[in-house]
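Report on the structure given below.
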Amino acid sequence: MKISARELLDELLDRGSFASWDRQVVEVSASPGYRTELREARARSGADEAVLTGEGMLRGRRIAVIACEFGFLAGSIGVAAAERIVTAVERATELGLPLVASPTSGGTRMQEGTVAFVQMVKVAGAVAAHKAAGHPYLVYLRDPTMGGVFASWGSLGHMTFAEPGALIGFLGPRVYRALYGRPFPEGVQTAENLYRSGVIDGVVPVKVFRRIVHRVLAVVETAAGSKGSSLDIETPTRAVDSETARDSGTEKSAWDAVLISRRPDRPGIRELLRHVTDRVPLSGTGQGESDRTVLLALARLRGRPCVLFGHDRAGQDGENTMGPAALREARRSMQLAAELALPLVLVIDTAGAALSREAEERGLAPEIARCLADLVTLDTPTVSVLLGQGSGGGALALLPADRVLAATHAWLAPLPPEGASAIVFRDTAHAPALAAAQRIRAADLLADGVVDRIVPEYPDAADEPTDFAHRMVRAIAEELTDLGGRSPESLRSERHLRYRRLGLRS
């Protein structure tokens, strides 16, 4: 039987000490059917959203808490839930309180599409800021914790424990079966197996976790009263290609874009590299790992030096997609950019991160979370490029940049449309309709503020690979020029505000 959020708080905190921080949930765009689902979820669960936040006492020590309620739409995280989480994390940071988070979730809320998926960026950023301020962040994973929740704030704890028998993993078993036609190997996505594999620190019931938190805080004893300052910065003006108005891809459906992006002859990162002035290829993590689904290089784009990292469609084949080593190589690119004081360019073109026993046991989801946390706090200019497919956490890990460009037929989604269809409808036949409803295509991402600029295809990059590559390299170089000379403080502040506001109504 699943532990509700209220039951968890009753066991974790001193009796009667919990005080809620929750205010009325923010409004989100919702179809009539989704509004009905929300009303029914509130009536059934007794909660107004999938997350409860507040503070309480643990053996006399004041702490902040965040707890998911699985009874509310399977604990899925959309814009309103993410805003509640971020607000609570920011308040805990301002008050200088230790923060205990207990996720249980199926992942991203499919009814809200890509805008819900990218909320994990701002959640990870808020947690990173809390930790950078010197405050403890402890995580207790409950049954189940899956998808984007595990791959963001569920994997960023200074210490992470889990409920006995909990299902914990990156991709849900039902989605895996729908995509590959066979069940996911048994026993991999369990708390006990992840503990044996070194992904989490222990498997304990709530009462034991309460004792562990007490001991940790007794050792750490962070200074109370440390307060951060609020930011008051204008949102950077979005640059839109003059060519975008002529060809934004609006005549193509989202499903058309998905099919076009999957053309085997579509130009990828290697085509871009052929048109840079200088390049120095690098390989691996520097710690004995390499992944042939990604490329890393030092490069000059139209004379602008940068570190360039991205997905290599030439190295991806069927189920051979980016694994934990690729994400550790991504983090190497971020470290290189910081240490060399160079801009970082990230190219997204992936069918999704690896879905395998090895990927789960070697910490795929935690590496996605660490990429998000590293990228949103980087001191150097960043440009992200949606070049083709942008599926799942493997794409999101490279997204949160100062500027985001997209090719006309590129897209970004929590899952391949077929996987989303398997979750919502238990089949793959509804993939085209879901691709449209989730607003995954470049034109929709531009309208929703996820993308800043669309680099056009005339009519398809695969039909004009050289011209398209020149056009994209020129656009990246223009953005690097525009970002040049900005202070690290300015970059971090504007980036924070950009993702903090994403999905919220003005």
Side-chain angles (χ1 to χ4, degrees), residues 26 28-29 77-83 86 108-125 148 151-152 235-241 244 248-250 252 254 257-258 261 310-311 345-350 352 368 371-372 375-376 382-417 420 434-456 472 475-476 479 483 494-506:
V26 299
V28 299
S29 299
I77 302 299
V79 172
E83 177 64 16
V86 172
T108 299
R109 191 166 298 173
M110 291 294 128
Q111 296 90 331
E112 294 181 28
T114 295
V115 74
F117 178 49
V118 298
Q119 296 301 305
M120 300 308 170
V121 173
K122 70 181 184 185
V123 176
S152 57
T235 303
T237 303
R238 301 209 190 295
V240 180
D241 246 322
T244 298
S248 64
T250 52
K252 296 288 187 181
V258 170
S261 74
H311 304 118
V345 176
L346 299 159
V347 178
I348 298 170
D349 192 5
T350 180
I368 293 172
C371 279
L372 292 174
L375 196 48
V376 296
T382 52
V383 176
S384 184
V385 181
L386 273 167
L387 196 60
Q389 299 186 81
S391 180
L396 188 68
L398 307 187
L399 178 75
D402 300 310
R403 296 286 188 274
V404 180
L405 311 185
T408 299
H409 302 307
W411 53 276
L412 179 71
L415 290 169
L434 261 180
Q438 292 189 324
R439 298 179 60 80
I440 71 173
R441 62 181 184 157
D444 296 322
L445 298 173
L446 180 69
D448 291 340
V450 178
V451 161
D452 300 298
R453 175 176 177 177
I454 295 176
V455 178
M472 181 61 81
I476 298 169
E479 297 300 336
L483 291 167
E494 291 181 5
R495 198 182 302 138
H496 164 86
L497 205 58
R498 171 195 178 104
Y499 290 99
R500 183 66 183 82
R501 291 174 172 173
L502 199 60
L504 300 179
R505 293 180 175 180
S506 56

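The side-chain contact (heavy atoms from CB on, under 4.5 Å) test applied to A401 returns T382, S384, not counting sequence neighbours. With sequence neighbours excluded, the residues forming a side-chain contact (heavy atoms from CB on, under 4.5 Å) with S261 are Q389, W411, listed by chain and number. Residues forming a side-chain contact (heavy atoms from CB on, under 4.5 Å) with T108 (at least two apart in sequence, or on another chain): M110, A116, F117, M120, P414. Applying the side-chain hydrogen bond (donor to acceptor under 3.5 Å, both in side chains) criterion to R495, with sequence neighbours excluded, gives D402. Listed by chain and number, the residues in a side-chain hydrogen bond (donor to acceptor under 3.5 Å, both in side chains) with Q438 amount to none (sequence neighbours excluded).
Distance CG/L396 to CD/Q119: 10.5 Å, rounded to 0.5 Å. The line from CG of L399 to CD1 of I348 is 5.0 Å long, rounded to the nearest 0.5 Å. Between the CG atom in L398 and the CD1 atom in I368 there is a gap of 9.5 Å [rounded to 0.5 Å]. Between the OH atom in Y499 and the CG atom in L372 there is a gap of 10.0 Å [rounded to 0.5 Å].
Using a 4.5 Å cut-off on side-chain heavy atoms (C-beta onward), R439 and V115 make no contact. Looking at heavy atoms from C-beta onward, T114 lies out of side-chain contact with D448 at the 4.5 angstrom threshold. Counting only heavy atoms from C-beta outward, the side chains of V121 and L375 never approach each other to under 4.5 Å.
Between the R441 side chain and the K252 main chain, a donor and an acceptor come within less than 3.5 Å of each other. Listed for the H311 side chain is a donor-acceptor partner under 3.5 Å among the backbone atoms of G394.
The heavy-atom pair separating A407 from A442 by the smallest distance is O-CB, 3.4 Å. Across S152 and G148, no two heavy atoms sit closer than the pair OG-O, 2.7 Å. Across all their heavy atoms, A475 and V455 have their closest contact at CB-CG2, 3.7 Å.
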| query | What's the verdict on side-chain contact (heavy atoms from CB on, under 4.5 Å) for L412 and V118, showing C-alpha distance, side-chain angles and the deciding distance? | reply | CA-CA 9 Å; L412 179 71; V118 298; 3.8 Å; yes
| message | Test side-chain contact (heavy atoms from CB on, under 4.5 Å) on R453 and E479; report intermediate values, then the result. | response | CA-CA 10 Å; R453 175 176 177 177; E479 297 300 336; 2.8 Å; yes
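Applying the salt bridge (Lys or Arg N to Asp or Glu O under 4.0 Å) test to every pair with at least one member in residues 114-124, sequence neighbours left out, gives these pairs: E83-K122.
Test V404, V451, D452 against L446 for side chain to side chain contact (heavy atoms under 4.5 Å, CB included) and you get one pass: V451.
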